Amino acid sequence: MKFLRTEVSGAFVVEVDVRSDDRGMFARTFDAQTFAAQGLVPAYPQCNVSQNHKRGTLRGLHYQAQPRPEVKLVRATRGRVFDVALDLRPDSPSYLKWASVELDAISHNAFYIPAGCAHGFLTLEDDCELLYQMSEVYVPELARGVRWDDPAFSIAWPFTPSIISERDAALESFSQETRL
């Protein structure tokens with residue numbers, strides 16, 4: 001595995017070593033020892049799947065607040081998405097910066113998003129599915145989010161979303177008072 005740094009401190013694109021032959025391919029997508037050796041979270045007690053039917057679907061930007069902030073390891077198991085990590089950690093050198101990666105089922109890449117960062121994605125084609133490995137279990141009262149189009153972040157989405165949930169559309173703009 002290769003761990004490629006991004007503009008967000010502690011966020012990495014994880015590329016796998018694919019081995020192909022006439023049978024198909026094989027790749028190790030996760031190894032706890034390898035992640036720990038990189039200083040990354042090696043345990044994920046919860047996994048989630050997000051299925052998205054249509055191109056242009058936006059989900060996010062979501063995070064879980066203190067005292068249970070979550071690391072996410074996200075990969076596309078079907079389709080292609082524009083995936084974003086937004087740093088909301090006031091003490092981080094990359095505070096309020098964002099990083100993106102195109103995740104797709106063909107390359108088998110993943111995005112490691114550190115605790116304290118909001119996450120969102122935009123589907124680039126129909127019929128996308130994402131697998132999330134989560135370092136914390138979901139705590140509904142700690143669920144938070146910020147607007148995907150907030151000018152405070154200037155995220156360069158590839159196009160305007162056509163499908164957004166009522167919850168995500170109602171998320172408030174960021175303010176300095178926003179606390180993790």
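All figures in this text were calculated on a predicted structure; none of them were measured in a lab.
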In this structure, would Leu142 and Phe174 fall into the same cluster of hydrophobic residues linked by side-chain contacts under 4.5 Å? no
Strictly distance-based, threshold 3.5 Å: is any side-chain N or O of Ser94 a donor or acceptor partner for the main-chain N or O of Ser9? yes
Could you tell me whether His119 and Phe111 have their ring centroids closer than 6.0 angstrom? no
Contacts of type ring-ring contact (aromatic ring centres under 6.0 Å, His included), residue Phe26, not counting sequence neighbours: none
Check whether any side-chain heavy atom of Val49 sits under 4.5 Å from a side-chain heavy atom of Leu130, and report yes or no. no
Out of curiosity, does Leu61 fall in the hydrophobic cluster containing Leu124 (side-chain heavy atoms, cut-off under 4.5 Å, transitive links)? yes
Kindly work out whether a path of hydrophobic side-chain contacts (I/L/V/M/F/W/Y, heavy atoms less than 4.5 Å apart) joins Tyr95 to Leu86. yes
May I have the step-by-step check of side-chain contact (heavy atoms from CB on, under 4.5 Å) for Phe121 and Leu103, ending in yes or no? CA-CA 10 Å; Phe121 66 86; Leu103 298 176; over 6 Å; no
How would you list, by chain and number, every residue that makes a side-chain hydrogen bond (donor to acceptor under 3.5 Å, both in side chains) with Asp150, sequence neighbours excluded? none
For a 4.5 angstrom cut-off between non-hydrogen side-chain atoms, does Thr6 reach Trp98? no
Asp168 side chain to Gly60 main-chain N or O, any donor-acceptor pair under 3.5 Å? yes
Any chance you could lay out the side-chain contact (heavy atoms from CB on, under 4.5 Å) test for Gln64 and Glu136, step after step, and finish with the verdict? CA-CA 9 Å; Gln64 188 160 289; Glu136 289 286 339; 4.1 Å; yes
Table please: side-chain donor-acceptor pairs of residues 72-82 below 3.5 Å, with sequence neighbours left out.
residue	atom	partner	partner atom	Å
Arg75	NH1	His108	O	2.6
Arg75	NH2	Thr29	O	2.9
Thr77	OG1	Glu129	O	3.3
Thr77	OG1	Glu129	OE2	2.9
Arg78	NE	Asp127	OD1	3.2
Arg78	NE	Asp127	OD2	3.3
Arg78	NH2	Glu129	OE1	3.3
Arg80	NE	Glu125	OE1	3.0
Arg80	NH1	Glu102	OE1	3.4
Arg80	NH1	Glu102	OE2	2.9

Is there a path of hydrophobic side-chain contacts, each under 4.5 Å between heavy atoms of I, L, V, M, F, W or Y residues, that connects Val71 with Phe30? yes
Sequence neighbours excluded, which residues qualify as side-chain hydrogen bond (donor to acceptor under 3.5 Å, both in side chains) partners of Ser50? Asn52, Arg59
Are the side chain of Ser135 and the backbone N or O of Glu70 linked by a donor-acceptor pair below 3.5 Å? no
Just jot down the side chain to side chain contact (heavy atoms under 4.5 Å, CB included) partners of Asp31, sequence neighbours excluded, or say none. Met1, Arg28, Gln33, Thr34
Pairs flagged by ring-ring contact (aromatic ring centres under 6.0 Å, His included) wherever residues 1-25 is involved - sequence neighbours left out: Phe3-Phe35
Can you list everything that forms a side chain to side chain contact (heavy atoms under 4.5 Å, CB included) with Ser20? Sequence neighbours excluded, please. Val18, Met25
Going by side-chain hydrogen bond (donor to acceptor under 3.5 Å, both in side chains), name the residues that satisfy it together with Asp21, two or more places apart in sequence or in a different chain. Arg23
Can you name the residues that form a ring-ring contact (aromatic ring centres under 6.0 Å, His included) with Tyr112, not counting sequence neighbours? none
Gln133: side-chain hydrogen bond (donor to acceptor under 3.5 Å, both in side chains) partners, not counting sequence neighbours: none
Less than 6.0 angstrom from the centroid, inside 45 degrees of the normal: does Arg68 satisfy that with respect to the ring of Tyr138? no
Rounded distance [0.5 Å steps], OG in Ser100 versus CG in Asp83: 8.5 Å
Might you point out which heavy atoms bring Arg89 and Gly116 nearest each other, and give the distance in Å? CG-O, 3.5 Å
Backbone N or O of Arg55 within a donor-acceptor pair of the Asp126 side chain at under 3.5 Å? yes
All side chain to side chain contact (heavy atoms under 4.5 Å, CB included) counterparts of Ala105, not counting sequence neighbours: none
Using the test side chain to side chain contact (heavy atoms under 4.5 Å, CB included), find all partners of Pro161 that sit at least two apart in sequence or belong to another chain. Leu58, Leu122, Trp148, Ile164
Would you say the side-chain atoms of Thr123 pair up with the backbone N or O of Gly56, donor to acceptor, closer than 3.5 Å? yes
With clusters defined by side-chain heavy atoms of hydrophobic residues (ILVMFWY) lying less than 4.5 Å apart, directly or transitively, does Tyr63 cluster with Leu171? no
Are the side chains of Val84 and Trp157 in contact, using a 4.5 Å heavy-atom criterion? yes
Which atoms form the tightest heavy-atom contact between Ala99 and Val8, and what is the distance? N-CG2, 3.6 Å
